[in-house]
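Reading through the structure tokens given below for one structure.
In each ligand, atom 1 is the first atom listed, and ligand 1 is the first ligand listed. Values reported hereafter were calculated over all heavy atoms of this structure, with side chains retained and with hydrogens, waters and symmetry mates removed.
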Amino acid sequence: MSLANGRTYLAIPGPSVVPDAVLRAMHRASPNIYAGELPDMMPGLVRDLKRVARTKGHAAIYISNGHGAWEAALANTVAAGEKVLVLATGFFAKAWSWIAEARGIDVDLLDFGNGGTFDLARVKAALKADSGHAYKAVLAVHVDTSSSNRNEFLPLRQILDDLDHPALLMADCIASMACDRFEMDAWGVDVTVTGSQKGLMCPPGLGFVFFNEKAAQRRKELKRVSTYWDWTQRAAPEAFYQYFSGTAPTHHIYGLRTALDMIQEEGMEAIWARHATLARAIWAAVEHWGQDGPLRLNIADPALRSHAVTAMSIGKPFGAELRRWCAEEAGVTLGIGLGMENEEDPNSDGYFRFGHMGHVNAHMVLGLLGVVEAGLGTLKIPHRPGGVSEAVKVISGV
Ligand SMILES: *Cc1c(COP(=O)(O)O)cnc(C)c1O
């Protein structure tokens, strides 16, 4: 007998759950790319994307995953031989820095570990020491999906302004867009990157780069940007073809249109509040289980936790065993531990993650937590029973 037969649930931090309405919108014959509905949809799509990113700046769309958006942001702003400062609070900032290095960019990386946010004093010291303004950009991740921490950008903007440092402030919002509050213009972010397959509820395949006038000016100063990555025509196309530097991602456009309609209908504030409440329910359950046993939330300070993803440690080999049990016996796939490897745990088997980004509601979160509590019991992993009841209290507001 298996209790996994039924609708399965991929509870990993991306790709996220794609709404049935998005799937239905994509299920169609190939549309004409030269005239008609598809080209006509584009101006509204760009307008609504910018609303989600909270910017009045420009938006460029790439047929890519998040890695492509990372590459695009750098290709338009920093030349080989120039320098950037990367602020790392997990695996993803480091991975972005490797893309920079592969482009011949000189990287200084400040590593703040996996357990919290930036030390602003160190950031300030590094930028102050750069009195010759060698740093062309400061790269940071809003929600690092490996550690599940959340970083603030306004303090970074303030440091740059206080020092009169002209470096562009660049944010990776791939995990956080439409999950955790993010205000590109109000927080003084110059370049924001995201992708389609997390909070935006679409399949992987679209990368988005938002940029302001300062970043656009920087692009103009670069001698050479490869045709495909150049954001100039994508952001101000004269023909539909130029949005994508070639054939449009036809079906993704339909899916994205529907996802943006859903986002518009719910409203950004309501979406952020839903993610916050569901995240608090998850934390309540995990903290309760952990009172008698090894389970811990990776980010101790609630103020520094993401509302889109939760990383936990439980010790080797419990993390891997729990993931296996939940998938094989209960139809729920949990996220692997990422970037937490050490000598004793080379595969991050002592860690796991929940993705709770995008199309996620109370019944899904309570189902997820119920399965995990069952797994903890079956596998005899020490824990205090009753975590689900703590989550229920958060959901019911009592
Ligand atoms: C998922 C993710 C990425 C990578 O996106 P891909 O689509 O896998 O290339 C980068 N940064 C963050 C914060 C992410 O969550």
Side-chain angles (χ1 to χ4, degrees), residues 10-18 52-53 60-75 84 86-103 109 111-112 114 117-118 137-153 170-182 184 189 191-210 229 249 252 255-256 259 275 279 298-299 304-311 333-340 348 351-358 360:
L10 186 68
I12 70 174
S16 64
V17 173
V18 180
V52 176
I61 311 177
Y62 295 84
I63 304 180
S64 77
N65 56 17
H67 280 67
W70 273 345
E71 183 101 33
L74 291 168
V84 297
V86 178
L87 312 178
T89 57
F91 171 81
F92 283 95
K94 289 177 200 160
W96 198 2
S97 81
W98 300 331
I99 292 209
E101 279 169 355
R103 296 188 60 81
L109 186 130
D111 190 347
F112 300 98
N114 290 324
T117 188
F118 320 126
V138 177
L139 277 52
V141 177
H142 185 216
V143 162
D144 200 299
T145 323
S146 62
S147 65
S148 72
N149 90 301
R150 183 168 39 76
N151 296 309
E152 297 203 8
F153 279 82
M170 314 225 292
D172 169 349
C173 293
I174 297 172
S176 58
M177 183 74 64
C179 303
D180 278 282
R181 177 181 293 279
F182 179 78
M184 177 169 170
V189 174
V191 178
T192 300
V193 303
T194 194
S196 53
Q197 81 274 27
K198 299 189 185 182
L200 294 177
M201 306 184 289
C202 289
L206 295 179
F208 307 100
V209 180
F210 303 93
W229 292 124
H252 272 76
L256 181 64
H275 281 82
N298 183 53
I299 303 297
L304 303 180
R305 291 179 195 151
S306 161
H307 298 155
V309 52
T310 299
T333 303
L334 310 179
I336 59 170
L338 189 64
M340 300 297 196
S348 296
Y351 296 86
F352 63 102
R353 291 176 298 160
F354 300 145
H356 35 103
M357 42 183 55
V360 179

Query raised in the report: Tell me, which residues have any heavy atom less than 4.0 Å from some atom of ligand 1?
Result: N65, G66, H67, W70, F92, V141, V143, T145, D172, I174, A175, Q197, K198
Query raised in the report: With no hydrogens and no angle check, is any side-chain donor or acceptor of R353 less than 3.5 Å from a backbone partner on T145?
Result: yes
Report task. List in chain and number order the residues that pass side chain to side chain contact (heavy atoms under 4.5 Å, CB included) with A72, two or more places apart in sequence or in another chain; answer none if no residue qualifies. Result -> Y62, V209, W229
Requested in this report: For side chain to side chain contact (heavy atoms under 4.5 Å, CB included), just list the numbers for K198 and I174, CA-CA rounded to whole Å, side-chain angles, deciding distance to a tenth of an Å, and then say yes or no.
Outcome: CA-CA 7 Å; K198 299 189 185 182; I174 297 172; 4.0 Å; yes
Report task. May I ask you to decide if the ring planes of W70 and F92 are parallel, tilted or perpendicular, using 30° and 60° as cut-offs? Result -> tilted
Report summary line: Given the options N149, T89, T310, I299 meets side-chain contact (heavy atoms from CB on, under 4.5 Å) only with N149
Query raised in the report: Do N298 side-chain atoms and N114 backbone N/O form a donor-acceptor pair below 3.5 Å?
Result: yes
